[in-house]
Amino acid sequence: MERECYLDNSATTRVFPEVAALMNKIYLEEYGNPSSMHHKGVEAERELRTARETLASILKCEPKNIYFTSCGTESDNISLIGGALANQRAGKHLITTKIEHPAILETMKYLESLGFEVTYLDVDENGLVTPKEVADAVRPDTILVSVMHTNNEIGSLEPITEIGAAIKEKNPNTLFHVDAVQGFGKARIVPKKQHIDFLSASGHKIHAAKGVGLLYVGDGVKVKPILFGGGQQGGLRSGTENVAGAAGMALAAKMIYDDFDSKIDKLYQMKEYFIEQVSSIEGVHVNGLHGLSVRQTAPHVISLSIEGVRAEVLLHALEEKGIYVSSGSACSSNRPHLSQTLLATGTPEQYLDSTIRISTGVMNTMDDMTYAADALKELLPFLRRYTRQ
Ligand code: PLP
């Protein structure tokens with residue numbers, strides 16, 4: 001293989017070497033249970049406390065607002081199920097959008113089975129929902145709204161601050177959950193300023209380990225646990241904390257948010273350049289950019305629909321050149337159903353099966369973009385001939 005060009009960073013990322021080193025130190029030396037009262041426990045508890053403080057300073061909140069979970073999915077589940085169960089006396093209506101990750105959509109289905117009513121909002125061709133559309137759906141019995149920060153398939157950036165303000169204006173008691181699994185580390189997020197009550201993020205999307213997630217819960221927000229046990233983390237999330245995972249996630253976030261603007265600018269430059277390169281290829285359509293500039297979308301997600309080539313065939317042809325991308329969204333690509341995001345954004349039928357996602361990260365270079373764009377230019381005419389036979 002000529003080289004390795006990993007462009008599937010929205011599926012997961014390579015762990016920063018510094019994060020791996022810190023985790024290794026915790027696994028091998030500071031391996032105590034943070035609830036233990038002896039020295040080893042205190043050592044581990046210190047790592048956990050530092051991690052919480054670091055993440056709290058990034059989100060401009062208090063350490064007590066930060067909980068560690070096992071993944072973004074778990075953070076989403078606690079917010080939705082725990083938020084709904086704790087507030088059901090005020091109503092049983094919930095709102096979300098049609099382009100959420102399955103961690104939200106499947107959880108909403110579960111809540112419907114428990115007797116909650118869920119409104120699924122439509123989005124436009126760029127995957128966007130307006131603050132007015134959200135506010136119009138809010139009723140006196142709406143207890144929670146969940147809108148994602150950044151879409152994982154086409155990179156839509158939802159107007160979170162304005163949506164939060166519109167929800168609170170209509171019904172100050174309605175809680176606002178934001179799935180920021182793709183947005184944390186790619187945007188500055190300040191939950192308090194953005195009217196956010198619950199925020200989910202995930203370690204493995206920001207060059208930390210798989211198996212650790214972050215949940216922000218605002219002051220005074222009522223939420224019930226979904227895991228019961230030893231009462232760790234104030235009883236909201238029982239279970240011995242993943243100390244190495246949490247410490248690694250905090251370090252990764254600190255590294256990303258250091259000199260943040262220039263990192264994001266570089267991602268945008270790579271996206272702009274790549275789109276310019278592939279737009280000249282016949283039959284290649286960029287999704288989520290109708291009438292928007294690249295900088296109005298996520299810096300790291302590029303969705304391409306390609307005429308006459310099946311995504312899976314293209315994915316494997318790119319793999320032959322060491323280029324790793326995803327077909328639609330990796331989280332659902334092992335299931336045969338069609339992408340909810342592509343359906344909800346009105347993607348033409350013939351492209352549903354011919355869409356790939358390229359997702360970059362801070363470890364990618366402009367050279368990677370050239371290599372991948374050149375590979376597409378070279379492969380597409382050949383694959384189309386092959387497909388038509
Ligand atoms: N939400 C979004 C928007 C995602 O992209 C993902 C994963 O891709 C998740 C939630 C789930 O995160 P995790 O893999 O940490 O459970």
Side-chain angles (χ1 to χ4, degrees), residues 6-15 19 55 67-81 96-110 123 127-129 145-158 160 163 177-187 189 196 198-216 226-227 237 239 242 245-246 248-250 252-253 288 297-303 324-335 337 339-342 344-345 355-361:
Y6 185 76
L7 294 173
D8 202 11
N9 289 275
S10 282
T12 199
T13 56
R14 182 172 177 229
V15 171
V19 169
L55 290 162
Y67 295 84
F68 291 110
T69 64
S70 65
C71 55
T73 300
E74 187 191 338
S75 300
D76 285 345
N77 273 254
I78 300 179
S79 304
L80 268 48
I81 300 172
T96 192
T97 77
K98 289 189 179 167
I99 60 159
E100 300 297 314
H101 188 271
I104 299 295
L105 294 175
E106 294 298 316
T107 308
M108 286 295 190
K109 264 200 224 162
Y110 171 67
V123 292
L128 298 174
V129 64
V145 177
S146 181
V147 177
M148 71 197 323
H149 183 286
T150 300
N151 179 265
N152 50 306
E153 293 187 50
I154 63 169
S156 332
L157 274 186
E158 302 296 342
I160 290 303
I163 291 174
H177 169 253
V178 173
D179 175 345
V181 169
Q182 296 290 341
F184 185 64
K186 302 296 185 316
I189 303 177
I196 297 169
F198 294 112
L199 185 100
S200 307
S202 180
H204 73 106
K205 310 289 187 184
I206 63 159
H207 303 277
K210 293 161 191 65
V212 62
L214 173 152
L215 170 66
Y216 162 92
I226 60 170
L227 279 187
R237 208 290 186 169
N242 176 356
M249 182 171 181
T297 65
H300 62 305
V301 180
I302 305 165
S303 170
Y324 298 101
V325 303
S326 136
S327 66
S329 146
C331 296
S332 54
S333 59
N334 58 349
R335 280 187 264 145
H337 67 70
S339 152
Q340 292 306 310
T341 298
L342 295 179
T345 49
T355 299
I356 59 163
R357 178 187 67 185
I358 287 137
S359 49
T360 60

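All ligand and atom numbering here is 1-based and tracks the order in the structure.
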Task: Proximity of Met148 to ligand 1 by residue part, where a heavy atom lies under 4.0 Å - done: side chain
Open item on the list: Applying a heavy-atom cut-off of 4.0 Å, say which part of Asn151 lies close to ligand 1: side chain, backbone, both or neither.
Closed with: neither
Task: Whether Glu100 lies under 4.0 Å from ligand 1, heavy atom - done: no
Task: Candidate with minimal heavy-atom separation from atom 13 (P) of ligand 1, of Gly72, Gly203, Ala11 - done: Gly72
Open item on the list: If we count only N and O atoms by modelled type, under 3.5 Å, do the side chains of Gln182 and Ser10 hold a donor and an acceptor together?
Closed with: yes
- [ ] Consider ligand 1: state whether an atom of it lies below 4.0 angstrom from any non-hydrogen atom of Lys205.
- [x] yes
TODO: Establish, from distance only, whether the side-chain atoms of Thr360 and His300 form a donor-acceptor pair under 3.5 Å.
DONE: no
Task: Val181 contact mode with ligand 1 (heavy-atom cut-off under 4.0 Å) - done: side chain
TODO: Ignoring hydrogens, just give me the one of Thr73, Leu214, Val212 whose non-hydrogen atom is nearest atom 11 (C) of ligand 1.
DONE: Thr73
Task: Test item: side-chain donor near acceptor, Asn9 and Ser359, under 3.5 Å - done: no
Open item on the list: Restricting to side-chain hydrogen bond (donor to acceptor under 3.5 Å, both in side chains), what partner residues turn up for His149, sequence neighbours left out?
Closed with: none
TODO: May I ask which of Asp179, Ile104, Asn77 has a heavy atom nearer to atom 10 (C) of ligand 1 than the others do?
DONE: Asp179
Task: Between Lys210 and Thr12: side-chain donor-acceptor atoms closer than 3.5 Å - done: yes
Task: Any side-chain heavy-atom pair of Arg237 and Ile78 under 4.5 Å - done: yes
